[in-house]
Amino acid sequence: MKELEKEITQAVRQVLQEATGTDYDGKVLIQETRREFEGDLTVVVFSLAKVLRRPPEEAGAWLGEQLVRRLPHIARYNVIKGFLNLVVDGSYWVEFLNKIRHERRYGLQEAAADAPTVVIEYSSPNTNKPLHLGHVRNNLIGYSLSRIMAADGNRVVKTNIVNDRGIHICKSMLAWQKWGNGITPEKASKKGDFLVGDFYVKFEQEYRKQVEQMVAGGMPEEEAKKKAPLLLEAQEMLRRWEAGDPEVIRLWKMMNGWVYEGFDVTYKALGVDFDKIYYESDTYKVGKKIVLEALEKGIVYRREDGSVWADLRDEGLDEKVLLRSDGTAVYMTQDLGTALLRWEDYHFDKHIYVVGNEQNYHFQVLRILMKKLGYPWADRLIHLSYGMVELPEGKMKSREGKVVDADDLIAGMIETAREMGEELGKLEGLDEKEKEEVYRKIGLGALKYFILKIDPKKNIVFDPRESIDFNGNTGPFIQYTYARIRSVLRKAADRNVAVPEQLGTNYLPNEKETLLVRLLARFPQVRADAAAGYDPALVANFAYETAKAFNQFYHDYSILNETEAEARNFRLVMTLKTGEVLHTAMGLLGIEMPERM
RNA sequence: GGUCCAGUAGCUCAGUUGGAUAGAGCAACAGUCUUCUAAACUGUGGGUCCCAGGUUCGAAUCCUGGCUGGAUCACCA
């Protein structure tokens, strides 16, 4: 399709050159023809008409005449207002199918030997609570993006930074020490991340109680929040941790271990993984070193209380703390270190952070700071900022237990898929294990598609009382279309009908077929656009359109029961390739496709 | 208050270098299974593209101003 557009553009330029005697350096705007008009590609002639000094309608007709004469693939044309609709000859689509017939990886760009390296960071959990729906969105976008970037010819490194140190984990640790009575995930028969999360909530409850008491005793709330004994204890624990206190370290390792075991289960259920995991407990040291070096060079400064700051007011930003007065590191410190470590590890061409938009400011500062510190590759740090997932009553708050838990959500989706599947009863003949596998794919497909079809920038309001759809513009709709296609191909094999290796060019595809093949032809461009815009939603919407076009075709025409050989052959190849494209496209979203459903 | 993001049908969303009469799904209603899978297909109704100006042959899209919602401006991460 891209080639054809180029051909047309070239021809238009040549025709203009011949007509006016000068080169036309403006744009030639070509778009897919809207459904209600006859044609496949449309040249917008308004600007061209100006060059030709003729009214748009007349210029369009003249141009159409020229193009039909010069281009073998353009069968005829019509002009409506200033739009020149070109009808592509049916043989072009047959040839197109022949061309991609044996491309197993059609639509994907192989990574060349000197392909750019793209590091993608996503997930980045805190180790003090289980993953919730917000994390799910992060993981799905990050994983999908890594597939898309890889499909676009990049070498991709999936990374995760585990925020395993800091005051938050100390809060859980302290609460466990005080009220845990030595409980473990085994004894509680609870996933480790949930158990640790419970203690985080416990800390917050007790802390709030203390603050309330102190306020009742006459202390201003601001002061009470800073001076509550529990908080002071947690801060003391962080200092001891950073000083390497063996008892604190032991507790920290144990509780983090519980959390990791829990995360692994969730990651596995979601189908996401990483090539390299960084731990903040390592990278903060590098960050501290960077800050102290910058201090020596006078790029940052120390205040009287001992804290270290960067002054970014020249850049239109504020002052930013880099080390606390007690010398401990903050979030920014470790991110400086992580960035440097990754640079040393990969010398990336791009480093994409998949992090929520609440941290826009943080990444703005990070980039400017890295630049100020003398790292020219700071420009390669890209923040893919995605919107929040909110509940109807507002933001999710782990501290208050108001969250949609990731594990529950996944289990619920699979359960719904099972109920619907059993009701429809199409999986008879499969054993229980095979059925479960199908339900798992469908449940997760529904969840992933639901999240990924939405523009990452936008906030999502998720109402747990309303279930995620399985009909219409959904993952299961596309999966179902794929299962239908596979079913047809299985039946073809049963009947010893082979999908032809090559098609004769006599067949003229009908309207629905042309529409579908046109979509298949668009796929490489969709992949490229999605990579350029870091936007999985483009792939999702493409897959939907393609599935819809196939279903419309399928409804109106027979494939195997078609008696005319040319038509049957064309449809078989088209069906095969549609299935492949759907499989590939959904794969870019991290969605698996069942062979039957 | 500064900065960033969003605002399109009752609801959830597409609409990407400015192009034709703004499109899907859900929900509602009415149809289509003796046929390659009805998780599908077809039809009906549903719009102040937040508002007001501006640029343009042409604006949901670009510019200016305003309105609404969210985020952020922490010695939390």
Side-chain angles (χ1 to χ4, degrees), chain A residues 27 29 31 33-37 42 44-47 49-50 56 80-83 85 124 126 128 163 165-169 171 226 235 280 303 305-309 316-318 320-326 328 330-332 334-335 356-362 364-365 385 387-388 390 394-395 417 420-421 423-424 426 442 446 450 453-455 457-461 463 466 469-474 476-481 483-492 495 529 532-533 535 537-538 540-541 544-545 547-548 551-552 554-562 571 575 596-597:
Chain A
K27 276 176 189 160
L29 185 61
Q31 53 198 202
T33 305
R34 295 178 61 130
R35 269 191 169 194
E36 57 265 39
F37 305 105
T42 296
V44 182
V45 295
F46 292 100
S47 51
K50 253 183 221 168
I80 297 165
K81 295 188 192 168
F83 299 91
N85 302 321
S124 315
N126 289 344
N128 65 334
N163 298 302
R165 54 134 248 142
I167 194 77
H168 54 90
I169 179 69
K171 288 174 179 178
K226 283 182 188 162
Q235 285 168 344
E280 188 190 330
R303 284 189 184 169
D305 62 3
S307 55
V308 177
W309 295 73
L317 301 174
D318 243 318
K320 188 82 192 169
V321 66
L322 299 177
L323 290 177
R324 296 194 186 93
S325 48
D326 62 5
T328 55
V330 293
Y331 178 42
M332 184 58 76
Q334 66 90 10
D335 252 4
N357 61 16
E358 56 192 350
Q359 292 190 31
N360 286 354
Y361 185 70
H362 173 82
Q364 204 185 344
V365 171
S385 160
M388 300 286 94
E390 288 169 21
K395 224 181 148 177
M420 291 182 76
E423 203 173 310
L424 291 167
K426 290 186 188 172
I442 296 171
F450 172 79
K453 77 168 176 181
I454 298 171
D455 181 346
K457 280 192 305 243
K458 293 196 173 171
N459 287 358
I460 296 180
V461 178
D463 190 344
E466 282 176 29
D469 265 318
F470 283 68
N471 299 321
N473 186 356
T474 65
F477 171 87
I478 300 163
Q479 290 172 318
Y480 171 72
T481 309
R484 260 184 160 178
I485 286 171
R486 299 305 296 171
S487 172
V488 170
L489 294 174
R490 274 195 303 273
K491 287 235 159 71
R495 298 184 196 177
D529 289 347
D535 188 358
L538 295 179
N541 285 309
Y544 172 66
E545 265 189 79
K548 193 169 171 60
N551 282 329
Q552 286 169 346
Y554 183 91
H555 181 267
D556 289 0
Y557 300 96
S558 292
I559 302 166
L560 297 176
N561 299 333
E562 171 62 49
R571 287 171 193 169
T575 299
R596 59 184 82 214
M597 69 183 271

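It should be emphasised that the depicted structure is a prediction, and the values quoted were computed from it without experimental measurement. Sequence lines set the chain letters: A, B, ... in the order given, protein chains first and strands last, and positions in each chain run from 1.
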Using the test ring pair (Phe, Tyr, Trp, His ring centres under 6.0 Å), find all partners of Y361(A) that sit at least two apart in sequence or belong to another chain. none
Nearest 0.5 angstrom please: R596(A) CZ to S487(A) OG, how far? 7.5 Å
Between C51(B) and U68(B), how far is it from one P atom to the other, in whole Å? 15 Å
To the nearest Å, give me how far apart CG (D556(A)) and C1' (A40(B)) are. 12 Å
Give I167(A) one of three labels, base, sugar-phosphate or nothing, depending on what nucleic acid heavy atoms sit under 4.0 Å from its own. sugar-phosphate
Distance check, P atoms only: U64(B) and A27(B), in whole angstrom units. 42 Å
To the nearest angstrom, how far is N561(A) atom CG from U34(B) atom P? 15 Å
How many Å lie between OH on Y331(A) and P on C73(B), as a whole number? 11 Å
Rounded to whole angstrom, note down the C1' distance from U8(B) over to C50(B). 10 Å
Quick one: on RNA chain B, does R35(A) or P476(A) contact a more 5' nucleotide (nearest heavy atom)? R35(A)
From OH of Y544(A) across to C1' of C26(B) the rounded distance in Å is 10 Å
Once you apply a heavy-atom cut-off of 4.0 Å, does V44(A) come out as touching a base, just sugar-phosphate, or nothing? base
What are the two closest non-hydrogen atoms of M597(A) and Q479(A), and how far apart are they? SD-C, 3.5 Å
R596(A) has an atom CZ; how far is it from atom P of A40(B), in whole Å? 20 Å
Got a second to check how far I559(A)'s CD1 is from L489(A)'s CG, nearest 0.5 Å? 8.0 Å
Which nucleotide in the set C41(B), U37(B), G23(B) lies at the smallest distance from any side-chain heavy atom of H555(A)? C41(B)
Using atom C1' in both nucleotides, what's the gap between A28(B) and G45(B) to the nearest angstrom? 9 Å
In this structure, CZ of F470(A) is separated from CD1 of I442(A) (nearest 0.5 Å) by 7.5 Å
Can you find a donor-acceptor pair, distance only, under 3.5 Å between T481(A) side chain and A40(B) base? no
For N126(A), side chain to side chain contact (heavy atoms under 4.5 Å, CB included) partners two or more places apart: N128(A), K129(A), N163(A), H168(A)
Under 4.0 Å between any heavy atoms, over every strand shown, what does M597(A) touch: base, sugar-phosphate, or nothing? Just pick one. base
Name the closest nucleotide to the K81(A) side chain, picking from A38(B), U21(B), C26(B). U21(B)
Return the nearest nucleotide to the side chain of Q359(A); candidates are A77(B), A20(B), C36(B). A77(B)
Within the structure shown, what part of the strands sits under 4.0 Å from E545(A) by heavy-atom distance: base, sugar-phosphate, or nothing? nothing
In Å and rounded to the nearest 0.5 Å, what is the OG1 to CG distance from T481(A) to N551(A)? 4.0 Å
Compare the minimum distances between each of A20(B), A40(B), A77(B) and the side chain of R484(A), then state the nucleotide with the smallest one. A40(B)
Stacking of Y480(A) on A40(B) base (centres under 5.5 Å, planes under 30°): no
Calculate the interatomic distance between Y557(A) atom OH and A40(B) atom P; express it in whole Å. 21 Å
Rounded to whole angstrom, note down the C1' distance from A60(B) over to C49(B). 5 Å
For residues S385(A) and G356(A), report the shortest heavy-atom separation together with the two atoms involved. OG-C, 4.4 Å
Please name all residues satisfying ring pair (Phe, Tyr, Trp, His ring centres under 6.0 Å) with F83(A), sequence neighbours left out, ordered by chain then number. F46(A)
Is C33(B) syn or anti, taking syn as a glycosidic angle within 90° of 0? syn
Identify whether any heavy atom of I442(A) sits under 4.0 Å from a base atom; if not, whether one sits that close to sugar-phosphate; answer base, sugar-phosphate or nothing. base
Look up atom CG in N473(A) and atom NZ in K453(A), then write down how far apart they are to the nearest 0.5 Å. 4.5 Å
Base, sugar-phosphate alone, or nothing: which one does Y361(A) contact when heavy atoms must sit under 4.0 Å apart? sugar-phosphate
With rounding to the nearest 0.5 Å, note down the distance linking CZ in R571(A) to OH in Y557(A). 7.0 Å
To the nearest Å, give me how far apart CD (E358(A)) and P (C76(B)) are. 17 Å
Nucleotide by nucleotide, nucleotides 5-18 of chain B touches protein heavy atoms under 4.0 Å in the pattern (B base, S sugar-phosphate only, - none) SSS-----SSSBB-
Could you state the atom-to-atom distance from CZ of R34(A) to P of U21(B) in whole Å? 8 Å
Partner lookup for A14(B), please. Criteria are Watson-Crick or G-U wobble with both distances under 3.5 angstrom; report none if nothing qualifies. none
How does each nucleotide of nucleotides 55-61 of chain B score, in 5' to 3' order, for protein heavy atoms under 4.0 Å: base (B), sugar-phosphate only (S), or none (-)? --B----
So T474(A), base contact, sugar-phosphate only, or nothing? Heavy-atom distance under 4.0 Å. nothing
Can you list everything that forms a side chain to side chain contact (heavy atoms under 4.5 Å, CB included) with D556(A)? Sequence neighbours excluded, please. K512(A)
Counting heavy atoms from C-beta on, name the nucleotide in C36(B), A77(B), C26(B) closest to the side chain of N471(A). C26(B)
Can you find a donor-acceptor N/O pair under 3.5 angstrom joining the side chain of N85(A) to the base of A20(B)? yes
Rounded C1' spacing from U42(B) to U61(B) in Å: 33 Å
